[in-house]
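See below for the structure under consideration.
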Amino acid sequence: MTRILLKGNEIAVPQVAAASSFSEATVVRLANPSTTDRVITITETRGGTGIGSFTLLANSTEIIEKQPTHVVFVNGGTDVLGTKVGFTN
């Protein structure tokens, strides 16, 4: 059974100008406790080339894998939360 290993404190996912690498995380757990879908984007650096984006549905969670220097931001709001995590057996 795989379990989530917490590696940092949960913070609000920032908007584009303050995009975060989550302390150079390679795995980030995202939670959207709101009733609004939010678009999550990953870029190489703040203001850099886009890697990709997806819609994080309302009242849902996702785990993303990324490069340590890649940054994550949300299209709006302050309700999406993110935490640096890892996996353990």
Side-chain angles (χ1 to χ4, degrees):
M1 177 175 144
T2 300
R3 296 174 296 220
I4 295 175
L5 174 66
L6 293 176
K7 298 179 97 178
N9 292 323
E10 187 173 67
I11 63 167
V13 176
Q15 293 184 20
V16 65
S20 176
S21 72
F22 289 89
S23 298
E24 298 190 340
T26 56
V27 182
V28 178
R29 179 185 181 270
L30 300 172
N32 182 4
S34 77
T35 57
T36 304
D37 296 348
R38 298 289 187 198
V39 175
I40 303 297
T41 301
I42 301 172
T43 60
E44 289 181 350
T45 59
R46 285 186 187 160
T49 303
I51 301 297
S53 63
F54 69 98
T55 299
L56 181 59
L57 300 177
N59 297 306
S60 69
T61 63
E62 292 291 340
I63 294 177
I64 59 170
E65 187 174 353
K66 64 177 197 61
Q67 297 298 316
T69 56
H70 291 172
V71 295
V72 179
F73 65 88
V74 65
N75 68 324
T78 57
D79 40 11
V80 176
L81 305 171
T83 308
K84 180 178 182 176
V85 297
F87 295 105
T88 183
N89 292 335

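For the numbers below, each heavy atom of this structure counts, side chains included, while hydrogens, waters and symmetry mates do not. What you are looking at is a predicted structure, and each value in this text was computed from that prediction instead of being measured.
- With hydrogens and angles disregarded, no donor-acceptor distance shorter than 3.5 Å links the side chain of Asn32 to the backbone of Asn59.
- Here CG of Leu6 is found 12.0 Å from NZ of Lys84. Values are rounded to the nearest 0.5 Å.
- In this structure, Thr45 OG1 and Ile51 CD1 are separated by 9.0 Å, a value rounded to the nearest 0.5 Å.
- A donor-acceptor pair is defined here as one N or O able to donate and one able to accept, closer than 3.5 Å; such a pair exists between the side chain of Arg46 and the backbone of Ala19.
- Residues that satisfy the side-chain contact (heavy atoms from CB on, under 4.5 Å) test with Val16, not counting sequence neighbours, are Phe73.
- Side chain of Lys66 to backbone of Ile42: no donor-acceptor contact under 3.5 angstrom is found.
- In plain terms, the two heavy atoms of Thr43 and Gly50 that are nearest each other are CG2-CA, 3.8 Å.
- When hydrophobic clusters are built by joining Ile, Leu, Val, Met, Phe, Trp and Tyr residues whose side-chain heavy atoms come closer than 4.5 Å, directly or via intermediates, Leu30 is not grouped with Val85.
- When hydrophobic clusters are built by joining Ile, Leu, Val, Met, Phe, Trp and Tyr residues whose side-chain heavy atoms come closer than 4.5 Å, directly or via intermediates, Ile63 is not grouped with Leu5.
- Using a 4.5 Å cut-off on side-chain heavy atoms (C-beta onward), Val28 and Val13 make no contact.
- Annotation: side chain of Arg29 is in contact with side chain of Glu10 (closest heavy-atom distance under 4.5 Å).
- Ser60 is linked by a side-chain contact (heavy atoms from CB on, under 4.5 Å) to Leu56, Leu57, counting only residues two or more places apart in sequence or in another chain.
- Looking only at distances, a side-chain donor or acceptor of Asn75 sits under 3.5 Å from a matching main-chain atom of Val39.
- Looking at residues two or more places apart in sequence or on another chain, you find a side-chain hydrogen bond (donor to acceptor under 3.5 Å, both in side chains) between Asp79 and Ser34, Arg38.
- Counting only heavy atoms from C-beta outward, the side chains of Val71 and Ser20 never approach each other to under 4.5 Å.
- Both Ile40 and Ile11 are part of a single hydrophobic cluster, where members link through side-chain heavy atoms under 4.5 Å apart.
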